[in-house]
Amino acid sequence: MVSAGFAEADVAFVPMGETGYLTARYPGRERNAKPMVVLGHMDVVQADPKDWTRDPFTPVVEGGYVFGRGSLDNKAGVSMVVATLMKLKREKWVPRHDVVLVLTGDEETRMATTRAAAEAFKNAALVLNADAGGGALADDGKPIAYGLQAAEKVYGDWHLTITDPGGHSSRPGPRNAIASLAAAIVRVAAYRFPPEQNEITRASLAGTAVGTPGPLGAAMKAFAANPNDTAAADVISADPRYVGQVRTTCVPTMFNGGHAPNALPQRAMANVNCRIFPGTPRATIEKKLVELVADPTITVALFDNGTIEAGASPLDPKVMAAVKAVTASRAPGVPVLPLQEAGATDSMHFRARGIPSFGVGGVFMKPGEIFAHGLNERVPVATFDPGIAWWEGLLKALG
């Protein structure tokens, strides 16, 4: 970035343990105004090379895609915003207020760098996150919708643990640690939380219903109009694309128990991962888990992985107008729909500080080809040049 004209003093890397976060300040005319943060993350999730068709840590361009771990999440977004800021700097564009690029280093794990960066820039007026939002393409490659992320579900991992004296497997007693915990997990997995909605999901479902035929579209329209329509919510939840949009979900994701094949288990532990509807406290979810476990010998404890409770960002008319304008330029006639992320992003730490944060990524691709966190992750080569133009238009409109 220095090669594009950024002052060396305006580019910094803040080390934190084995990682850190990078910042690059783009000075504006009004130096006392609150800055706008452009957010992304540099780290990626783990990948086992033996499971991949190609080396996950060597970028491979093939068949119109860039393959590799993190190619979509979040290297594409980071590449676009960096290229855009360097282009604008070379062209001598000067924003009204400072624009600060913030690239975190552990979004996929403990978010320690995110917390530190959010604290360092707690005076920000707005956050634009390259790690969320984006355009959806139909099977023929034509754009069909753009999702603007304005909310995300609250992340929570709970460890359910049971201990027992154990003993010889030839002398089983009335209680078995693994069996008791397994029974509790079945009760948790079978529970369906009540449906909920907010400004973001209501607008998203109503807008998506317009282009969704059949029972699913009818259910979206009905639930958007009536948040108490549980039957409609159940139809929506049955579709894997929308299961996270109408209620809190809690699912078992890991199980570990026993210490020897010929011994009664002395300990068993299961991880229950919850994606909580914004506005519902994690303490409320923990109370429900204890109720579902219904076994005082099983402890239920929240595991601190760096995530935080945060509500939705109210839809900002200026942001909506800017996103609609750049969408119209890139894909005329395509609707812009507010989006609630079922996953978790760095935005939560800024939203928790009251800073409006929006996922406005420039990647357009087919939903069926999104393999973030999965095998053979990829991103279309064709999305990069339009993505840079996307960010240029967005930054000029809001900066």
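At least one side-chain heavy atom of Pro278 sits under 4.5 Å from a side-chain heavy atom of Gln340. By the 4.5 Å heavy-atom criterion applied to side chains, Leu339 and Tyr146 are not counted as neighbours. Between Leu394 and Leu398, the closest side-chain pair of non-hydrogen atoms falls below 4.5 Å. In this structure, the side chains of Met1 and Lys89 stay at 4.5 Å or more apart for every pair of heavy atoms. Side-chain contact between Val99 and Pro35: absent, with no pair of heavy atoms (C-beta onward) separated by less than 4.5 Å. Side-chain contact check for Val360 versus Trp391: some heavy-atom pair is nearer than 4.5 Å. Annotation: side chain of Met36 is in contact with side chain of Leu128 (closest heavy-atom distance under 4.5 Å).
Using modelled atom types, no side-chain atom of Asp131 and backbone atom of Gly40 make a donor-acceptor pair closer than 3.5 Å. His349 places no side-chain N or O within donor-acceptor distance of the main-chain N or O of Thr113, the cut-off being under 3.5 Å. A donor-acceptor distance shorter than 3.5 angstrom exists from the side chain of Thr201 to the backbone of Asn198, with no hydrogens or angles considered. Judged by distance alone, the side chain of Arg171 and the main-chain N or O of Gly167 form no donor-acceptor pair under 3.5 Å. Under the 3.5 Å distance criterion, the side-chain polar atoms of Ser169 are matched with a main-chain donor or acceptor of Asn262.
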Side-chain donor-acceptor contacts of residues 203-210 below 3.5 Å, not counting sequence neighbours, with atom names and distances?
from   : atom 1 : to     : atom 2 : distance (Å)
Ser204 : OG     : Pro338 : O      : 3.1
Thr208 : OG1    : Ser204 : O      : 2.7

Does Glu119 form a salt bridge (charged side-chain N to carboxylate O under 4.0 Å, His left out) with Lys122? I'd like the steps, not just the answer.
CA-CA 5 Å; Glu119 176 64 22; Lys122 61 186 176 183; 2.9 Å; yes
Going through the checks in order, is the side-chain contact (heavy atoms from CB on, under 4.5 Å) test met by Leu101 and Thr23?
CA-CA 5 Å; Leu101 175 68; Thr23 65; over 6 Å; no
Given salt bridge (charged side-chain N to carboxylate O under 4.0 Å, His left out), test Arg267 with Asp164 step by step and report yes or no.
CA-CA 6 Å; Arg267 183 179 184 275; Asp164 188 82; over 6 Å; no
Could you go through Phe67 and Trp52, starting from their C-alpha distance and side-chain angles, then the distance that decides it, and tell me whether this counts as ring pair (Phe, Tyr, Trp, His ring centres under 6.0 Å)?
CA-CA 10 Å; Phe67 288 84; Trp52 283 58; 8.5 Å; no
Salt bridge (charged side-chain N to carboxylate O under 4.0 Å, His left out) evaluation trace for Glu392 with Lys396
CA-CA 6 Å; Glu392 183 175 2; Lys396 286 183 174 180; 3.2 Å; yes
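Partners of His373 according to the ring-ring contact (aromatic ring centres under 6.0 Å, His included) rule, which considers only residues two or more places apart in sequence or in another chain, do not exist here. With sequence neighbours excluded, the residues forming a side-chain contact (heavy atoms from CB on, under 4.5 Å) with Ala76 are Val363, Val379, Phe384, listed by chain and number. By the ring-ring contact (aromatic ring centres under 6.0 Å, His included) test, Trp93 is found to be paired with Tyr26, residues two or more places apart in sequence or in another chain being considered. Every side-chain contact (heavy atoms from CB on, under 4.5 Å) that Val78 has, sequence neighbours left out, goes to Asn74, Val82, Leu103.
Sorted by first then second residue, the salt bridge (Lys or Arg N to Asp or Glu O under 4.0 Å) pairs that include residues 365-385, not counting sequence neighbours, are Arg69-Glu377. Every pair passing disulfide bond (SG atoms under 2.5 Å apart) that includes a residue from residues 237-341 is listed here, sequence neighbours excluded: Cys250-Cys274. A salt bridge (Lys or Arg N to Asp or Glu O under 4.0 Å) check over residues 329-351, counting only residues at least two apart or in different chains, returns the pairs Glu152-Arg351. Residue pairs that meet the salt bridge (Lys or Arg N to Asp or Glu O under 4.0 Å) test with at least one member in residues 297-306, sequence neighbours left out, do not exist here. Annotation: salt bridge (Lys or Arg N to Asp or Glu O under 4.0 Å) contacts involving residues 13-27, sequence neighbours excluded, comprise Arg25-Asp98.
In the hydrophobic clustering, Ile162 connects to Val154, Trp158, Leu160, Ile178, Leu181, Ile185, Val188, Tyr191, Phe193, Phe255, Val272, Ile276, Ile285, Leu289, Val290, Leu292, Val293, Ile298, Val300, Leu302, either directly or through intervening members, whenever side-chain heavy atoms lie under 4.5 Å apart. Other cluster members for Val44: Phe57, joined by side-chain heavy-atom distances under 4.5 Å among Ile, Leu, Val, Met, Phe, Trp and Tyr.
Note that the CG atom of Leu264 and the NE2 atom of His259 stand 8.0 Å from one another [nearest 0.5 Å]. With values rounded to the nearest 0.5 angstrom, Leu337 atom CG is found 14.0 Å from Gln149 atom CD. Taking CD1 of Ile236 as the reference point, atom CZ of Arg247 lies at 9.0 Å (rounded to 0.5 Å). To the nearest 0.5 Å, atom CE of residue Met42 and atom NZ of residue Lys75 are 9.0 Å apart. Between atom OH of residue Tyr155 and atom CD of residue Glu309 there is a gap of 14.5 Å, rounded to the nearest 0.5 Å. Expressed to the nearest 0.5 Å, how far CG of Asn228 lies from CZ of Phe223 amounts to 8.5 Å.
Between the side chains of Asp106 and Thr19, no donor-acceptor pair of N or O atoms lies under 3.5 Å. Side-chain atoms of Ser347 and Asn129 include a donor-acceptor pair closer than 3.5 Å. Looking at Thr307 and Arg282, their side chains do bring a donor and an acceptor atom within 3.5 Å of each other. For the residue pair His159 and Thr161, no side-chain donor N or O sits within less than 3.5 Å of a side-chain acceptor on the partner. Defined by atom type and a distance below 3.5 Å, a donor-acceptor pair is present between the side-chain atoms of Thr280 and Glu196. Donor-acceptor pairing under 3.5 Å is lacking for the side chains of Asp234 and Ser237.
Heavy-atom contacts from other residues, nucleotides or ligands closer than 6.0 Å to CG of Asn32 number 12 or fewer. In the displayed structure, Glu91 atom CD is contacted under 6.0 Å by more than 12 heavy atoms of other residues, nucleotides or ligands. Environment of CG in Asp139: sparse, with no more than 12 heavy atoms of neighbouring residues, nucleotides or ligands closer than 6.0 Å. Environment of NZ in Lys221: sparse, with no more than 12 heavy atoms of neighbouring residues, nucleotides or ligands closer than 6.0 Å.
In summary, Asp316 and Lys318 do not engage in a salt bridge, as defined by a charged side-chain N under 4.0 Å from a carboxylate O. For Lys288 and Glu291, the salt-bridge test passes: some basic side-chain N is under 4.0 Å from an acidic carboxylate O.
Under a cutoff of 6.0 Å and an axis angle of 45°, Lys153 and Phe277 do not form a cation-pi pair.
A side-chain hydrogen bond (donor to acceptor under 3.5 Å, both in side chains) with His41 is found for one member of Thr114, Asp73, Thr104 and no other, namely Asp73.
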